[in-house]
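Numbered from 1 within each chain, the chains take letters A, B, ... in sequence-line order. Here the structure is a predicted model, which means the values were calculated and not measured.
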2 protein chains.
Amino acid sequence: MAKVDTSLVAHLPLFAGVAPDALDEILREARSVRYPKNTAIFEQGADAQSFFLLLHGHVRAAKTTPTGEQIVVRYVAPGETFGLAMAIGATRYPATAMAVDDSVVLIWPTSAWPRLIERFPSLAANTLQTVGARLQESHTRILEMSTQQVEQRIAHALLRLAKQSGKKLDQGIEIDFPISRQDIAQMTGTTLHTVSRILSGWESQGLVESGRQRIILREPHKIVVLAERTPDSGAA
Amino acid sequence: MAKVDTSLVAHLPLFAGVAPDALDEILREARSVRYPKNTAIFEQGADAQSFFLLLHGHVRAAKTTPTGEQIVVRYVAPGETFGLAMAIGATRYPATAMAVDDSVVLIWPTSAWPRLIERFPSLAANTLQTVGARLQESHTRILEMSTQQVEQRIAHALLRLAKQSGKKLDQGIEIDFPISRQDIAQMTGTTLHTVSRILSGWESQGLVESGRQRIILREPHKIVVLAERTPDSGAA
DNA sequence: CCTGCAATTTGCGATAGCGCAAAACCGGCC
DNA sequence: GGCCGGTTTTGCGCTATCGCAAATTGCAGG
């Protein structure tokens, strides 16, 4: 198993307040695995045998209903943890994780968690913070779904993706991983058709440029305005 | 300040793995306060100076948009914590908490949290579990809002309330605190009008009995069936 | 017991967005 | 270079649900 360089991860919020040699000890329990694009890392309902830290790439976490519909819970960016089922007291994964790009992941066995947090209490505190932040985001998302129309929700979703995983271009920001209309629909609670229509509209106004699984925000500021427009703040 | 009896709270998940005398030490830092029905405990955006544990009564946590619309984040039942802004790294409350019934609450100063989790790491671990559970619930709610119609969402919401705060009756289950059509609308992402129409329909089928801020599920099992009905699983 | 307010009910027109279907498109692979 | 499959676009009718308005009801206080 390849050694993981502590310097690559030492600065992550997860390890705040953890001494360098402690970090070494923690990393010694992990292994590093590469997942090619479009491979599953774990499946919803499977036994939660591991938890993960994304080093490179991008991972989509999605939840599936009994009837087969899916929603995207979130996109995981490098440096973030995922699959923390055990930390929250679950024995099975509540969602499916799939690499949307070639990705590299650190993997710990679930069984290591209790020992790790006992030896390094900051881990629990730090994890609590990130889980808490995710809870906030979920509430925000619920608020948006309850009070905004589809166009605003899509605008917000794209702006968040741009902030989290945007690549600055000469002119605009590009979402730095493959993402389809369907994915955006599953993030915002709508259909790929409606997403397509709205992006087409934006494209003809020069707000975005997009294609197959690719989106560039050409006028981020104007999209912010769009995102904040209320149902009645009269359009042209 | 009145002494808090440890026996009242010792069994709570929050204090799992905490020794009795440690619990005593923890409680010594808290004070107990009574909030009459319909009084605010804290306001969204206010400085998070305290965190809370509900002893008696019921508390509604709600988020308000800039434009004044509200959603109900959750109802807090006795034994649950709320207002944990600091545990998740926020300095202001992300929602407003209001007592919907006469309520009694334990209050710790936010400043005590870092010290408490350092001395009693189980607190952090336990809190992580409950916050994680709430995250799951939020995802479930997002899934429902994305994939189900209003009637199913209302059914699920009422069933959850019944499970959390239901009072068993000779025949049926009563939601054990005052809750309006508007509240249910704000939990499910719809309007009070639509909630009213749907409850009226259920009432005429004998599924529920309801009135001013009061709901009794007369046929919980049939409501479960309703909740699981897919858009096309033909009605009668 | 009466009064007033807040909660609830209900009708009705308006519409955002869905669902289905078909066509166009785009890239990667052989 | 051409073919195939997944993605995207777009048209069109439909409907669940909203939004507004008005009537009704039930509780709480005086």
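As judged by a 4.0 angstrom heavy-atom cut-off over every strand, B:Ser196 is placed among the base-contacting residues. Residue contacts for B:Thr191: at a heavy-atom cut-off of 4.0 Å it reaches the sugar-phosphate backbone alone, with no base atom in range. Residue B:Arg181 is in sugar-phosphate contact alone, with no base atom involved, counting any heavy-atom pair closer than 4.0 Å across all strands shown.
The phosphate of D:dA16 (OP1 or OP2) has no side-chain N or O of B:Thr194 nearer than 4.0 angstrom. Distances shown here put every side-chain N or O of B:Gln182 at or beyond 4.0 Å from the OP1 or OP2 atom of C:dA7.
Atom CZ in B:Arg153 sits roughly 14 Å away from atom P in D:dA16 (whole-Å rounding). With rounding to whole Å, B:Ile154 atom CD1 is found 11 Å from D:dT17 atom C1'. Distance CD (B:Glu203) to P (D:dT25): 14 Å, rounded to an integer number of Å. Taking atom CD1 of residue B:Ile198 and atom C1' of nucleotide D:dC18, one finds them 12 Å apart after rounding to whole Å. Put simply, CG on B:Asn38 is 14 Å from C1' on C:dC5, counting in whole angstrom units. For A:Gln213 and D:dT9, the CD to P distance is 12 Å, given to the nearest whole Å. B:Leu192 has its CG atom 15 Å from the C1' atom of D:dT25, to the nearest Å. Taking atom CD of residue A:Glu209 and atom C1' of nucleotide C:dC26, one finds them 15 Å apart after rounding to whole Å.
Note on ring orientation: taking the six-membered ring where Trp is involved, the planes of A:Tyr93 and A:Phe52 are tilted (angle from 30° to 60°). Ring-plane geometry between A:Phe51 and A:Trp108 is classed as parallel, the angle between the planes falling under 30 degrees on a 0 to 90 degree scale with a further cut at 60.
One can find a donor-acceptor pair under 3.5 Å joining the base of C:dG11 and the side-chain atoms of B:Arg197. In terms of polar N and O atoms assigned as donor or acceptor, the side chain of B:His193 never comes within less than 3.5 Å of the base of C:dT8 in a complementary pairing.
Each of D:dC27, D:dT17, C:dC18 was ranked by its minimum atom distance to the side chain of A:Thr190; first place goes to C:dC18. The side chain of A:Gln149 lies closest to C:dG17 when the candidates are C:dG17, D:dT17, C:dA6. If you check C:dA7, C:dT10, D:dG5 against the side chain of B:Ser180, the one that comes closest is C:dA7.
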Full working for side chain to side chain donor-acceptor pair (under 3.5 Å) between A:Glu151 and A:Trp202: CA-CA 10 Å; A:Glu151 184 169 32; A:Trp202 290 357; 2.8 Å; yes

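Comparing A:Arg214 and B:Lys37 by the nucleotide of DNA chain D whose heavy atom lies nearest to each, the residue mapping closer to the 5' end is A:Arg214. In terms of position on DNA chain C, the residue among A:Arg212 and A:Glu151 whose nearest nucleotide sits closer to the 5' end is A:Glu151.
For the residue pair B:Thr64 and B:Gln70, a side-chain donor N or O sits within less than 3.5 Å of a side-chain acceptor on the partner.
In this structure, A:Val195 and A:Ile154 have side chains that are in contact, with non-hydrogen atoms separated by less than 4.5 Å.
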